[in-house]
There are 4 protein chains.
Amino acid sequence: MANFNNKKSVWMSTKRIETLVDGVFAIALTLLVLNIDVPNIVGSVTDPVLWQYIVNLSQQLWIYAFSFLLLSSFWRANHQQFFFIKEADSNLIWITVLWLMFIALVPFSTNFVSNYGSHSIPMFFFNLNMLIIGVFYILIWTYVSKKNYFYETVDKKQLKLINRINYILPIVALVAIGVTFVKPSWSPYSYFLIFILKMNIKRI
Amino acid sequence: MANFNNKKSVWMSTKRIETLVDGVFAIALTLLVLNIDVPNIVGSVTDPVLWQYIVNLSQQLWIYAFSFLLLSSFWRANHQQFFFIKEADSNLIWITVLWLMFIALVPFSTNFVSNYGSHSIPMFFFNLNMLIIGVFYILIWTYVSKKNYFYETVDKKQLKLINRINYILPIVALVAIGVTFVKPSWSPYSYFLIFILKMNIKRI
Amino acid sequence: MANFNNKKSVWMSTKRIETLVDGVFAIALTLLVLNIDVPNIVGSVTDPVLWQYIVNLSQQLWIYAFSFLLLSSFWRANHQQFFFIKEADSNLIWITVLWLMFIALVPFSTNFVSNYGSHSIPMFFFNLNMLIIGVFYILIWTYVSKKNYFYETVDKKQLKLINRINYILPIVALVAIGVTFVKPSWSPYSYFLIFILKMNIKRI
Amino acid sequence: MANFNNKKSVWMSTKRIETLVDGVFAIALTLLVLNIDVPNIVGSVTDPVLWQYIVNLSQQLWIYAFSFLLLSSFWRANHQQFFFIKEADSNLIWITVLWLMFIALVPFSTNFVSNYGSHSIPMFFFNLNMLIIGVFYILIWTYVSKKNYFYETVDKKQLKLINRINYILPIVALVAIGVTFVKPSWSPYSYFLIFILKMNIKRI
């Protein structure tokens with residue numbers, strides 16, 4: 001049931017765009033597990049053979065955890081933004097859809113990097129994907145701020161905090177792109193900066 | 001929790017049909033990424049080989065973006081229609097379900113065209129799919145208008161605008177079918193007319 | 001946000017079970033399209049070759065439409081039931097989850113039948129799946145009626161109508177099982193009885 | 001539409017985390033069916049051949065039912081917890097996301113065990129997965145209790161009941177890990193203890 005706001009200029013509640021966003025994330029997160037392979041062991045299955053497999057498996061589990069947490073943090077950031085947004089219009093919907101297009105690309109980017117991570121081109125592709133996602137957070141927030149689509153009761157200090165948080169991802173992605181040209185395989189570790197920066201931003 | 005309207009003639013709120021629609025779109029959009037292949041490079045992986053792959057990849061990314069935006073615009077159009085619809089009955093649910101059947105077919109149609117796009121039959125199939133989807137928008141709107149299932153506070157001018165928007169897709173699909181008989185590979189570009197026509201319709 | 005009913009005996013709103021049900025249906029419906037194969041034509045792709053493929057494709061599209069409408073009608077029936085249900089308890093949740101287990105099995109059953117439909121065993125398996133689904137509708141309705149979890153304002157005549165509708169699927173499934181022993185390939189056509197019976201029930 | 005609570009310390013409604021959780025479960029549950037194989041019978045398809053297949057199929061259906069019910073019980077437990085939770089903060093969101101990471105791993109664990117269930121390492125992996133999931137229920141509940149994010153009208157007796165229920169899964173998982181070292185193939189049956197313990201807890 002659409003939440004009808006009786007204003008000519010506003011056609012949209014944010015409810016359905018949030019449902020679409022949550023759906024895309026739920027699917028992307030759940031599909032990540034399909035990248036973990038169950039072994040097809042030919043010959044006798046002994047415990048040492050399985051143990052060897054578990055060692056290989058641990059790398060795949062690491063990539064799974066990395067992608068899962070990265071995607072979750074993107075969902076969380078969207079979650080935080082839309083918590084303060086009361087109304088939406090056609091432009092906001094389309095900016096969010098374009099952002100979703102790059103979110104839905106993440107499982108591919110991760111897969112690409114996990115297969116050819118020691119090379120600079122896939123790593124550059126992955127980092128570019130992150131940079132674009134990050135820029136979209138700034139775009140969404142700038143647009144909503146300009147149109148003042150926030151709840152009236154919102155605390156201005158919190159809006160400023162979100163604004164600062166929005167710049168974390170693009171900056172970290174640029175750092176990661178820089179690292180790519182030095183040593184591609186080190187590049188993913190740049191993203192741990194997100195968690196460090198976020199904690200410090202809240203303290204300020 | 002069903003939103004019970006205490007009227008004998010109306011069995012339905014629009015909430016659950018919207019949830020189903022959003023779910024189907026979220027899945028269809030997220031599954032599009034599975035069509036992009038991670039390369040299985042045999043032999044040594046050099047940067048030039050990867051670069052060659054990136055060039056091939058760019059075509060797949062283009063189809064991904066095209067399908068993503070087309071499906072999103074279909075979701076958006078449904079979104080706009082149901083924003084004004086207050087009540088639903090059994091017939092409206094079934095018309096929407098039939099529409100969804102052709103929406104869920106889009107990933108297949110896109111895949112079919114992307115593999116054999118220079119031939120007229122797959123392109124005709126794709127355009128026919130679009131035409132049927134477009135006709136369903138008109139059917140839904142005609143039915144809801146006849147039954148007057150709109151919110152009472154709705155602005156009549158906006159309903160007329162939606163009505164005009166509904167005719168864009170079928171007309172563009174007919175144009176695309178026409179182009180198929182001239183040069184099939186040009187046919188998909190017809191769909192850019194949607195964005196041009198939509199902008200002009202709002203200006204009128 | 002859970003809808004908290006301040007009653008000791010009732011732990012549940014129906015909201016989240018409906019979200020789960022809608023999610024499972026949205027995914028099952030969207031995954032059906034994955035059963036349609038894009039041709040892997042080796043050698044030159046001529047229009048006659050594609051046309052031959054389209055003829056083969058038409059059978060797959062028929063199965064797609066059949067499964068899509070059957071699953072949709074199951075979703076619709078659940079939708080109708082829960083429209084009248086105000087409260088839920090632990091037992092109702094579990095009965096619905098068990099029903100969902102057989103719903104999520106439908107893509108497999110359909111696939112099984114579409115590959116070996118001329119044999120009685122897969123067809124029997126499919127019909128048994130339908131029978132169990134049908135019995136669960138009766139179970140859910142009987143339980144909710146016994147506990148009187150309906151909205152207070154519900155019209156008793158409508159509840160009786162739903163009750164009669166619940167018996168359609170099990171009866172049709174039993175007919176289909178009977179037909180399986182005569183001629184398995186005729187068995188799926190039994191399900192068109194659902195639409196005929198439903199129309200007549202509303203007229204009574 | 002975000003449910004804005006006008007309090008500085010609380011940034012979150014629980015609505016969107018519940019939507020994400022329901023989405024992940026709906027997908028995980030529906031994807032389980034993809035593990036059931038439709039036979040690729042080469043040569044003539046006779047009823048005895050199909051019957052033999054059905055016998056093999058029964059084992060796969062058993063694993064399907066086992067995973068479906070186990071995952072459903074995890075969804076149900078989350079459902080019960082969040083029914084009493086009114087507010088959420090950043091930490092609660094992240095604990096729930098981490099829990100989801102191990103939930104989304106269940107289809108892999110089940111698949112791993114179903115292929116190599118007679119060996120202790122996959123079974124240990126599966127049971128460890130269960131143990132971690134179980135510990136997260138306790139973490140979520142402990143955190144929410146400490147912060148007192150419950151609805152004001154909640155009955156304290158029910159909170160204590162949930163608290164006791166939370167300890168069932170970790171204890172059962174520890175039992176299952178113990179059984180793994182004795183006879184791995186018996187280990188899954190430990191999980192039937194969940195249903196027995198749950199019934200008795202309610203009686204106390």
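Reminder, nothing fancy here: chain letters follow the sequence lines and each chain counts from 1.
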Selection from Thr19(C), Leu20(C), Val97(C) maximising heavy-atom pairs under 4.5 Å formed with chain D: Leu20(C)
Counting heavy-atom pairs under 4.5 Å with chain D, the top scorer among Asn111(C), Leu98(C), Ile103(C), Leu105(C) is Leu105(C)
Tyr53(D) and Phe125(C) aromatic centres sub-6.0 Å: no
Give the ring-plane orientation class for Tyr149(D) versus Tyr143(D), where under 30° counts as parallel, over 60° as perpendicular and anything between as tilted. perpendicular
Aromatic ring pairing His79(C)/Trp75(C), orientation class (parallel under 30°, perpendicular over 60°, tilted between): perpendicular
Kindly compute the distance separating CZ (Arg16(C)) from CG (Asn78(D)), expressed to the nearest 0.5 Å. 5.0 Å
Evaluation steps, ring-ring contact (aromatic ring centres under 6.0 Å, His included), between Phe25(D) and Trp99(D): CA-CA 12 Å; Phe25(D) 273 100; Trp99(D) 167 75; 5.8 Å; yes
Which bit of Leu31(C) is near chain D, if near means a heavy-atom gap under 4.5 Å: side chain, backbone, both or neither? side chain
Between Ile17(C) and chain D, with a heavy-atom cut-off of 4.5 Å, which part of the residue counts as in contact: side chain, backbone, both or neither? both
Which bit of Ser73(D) is near chain C, if near means a heavy-atom gap under 4.5 Å: side chain, backbone, both or neither? both
For Leu69(D), is it the side chain, the backbone, both or neither that has a heavy atom under 4.5 Å from a heavy atom of chain C? both
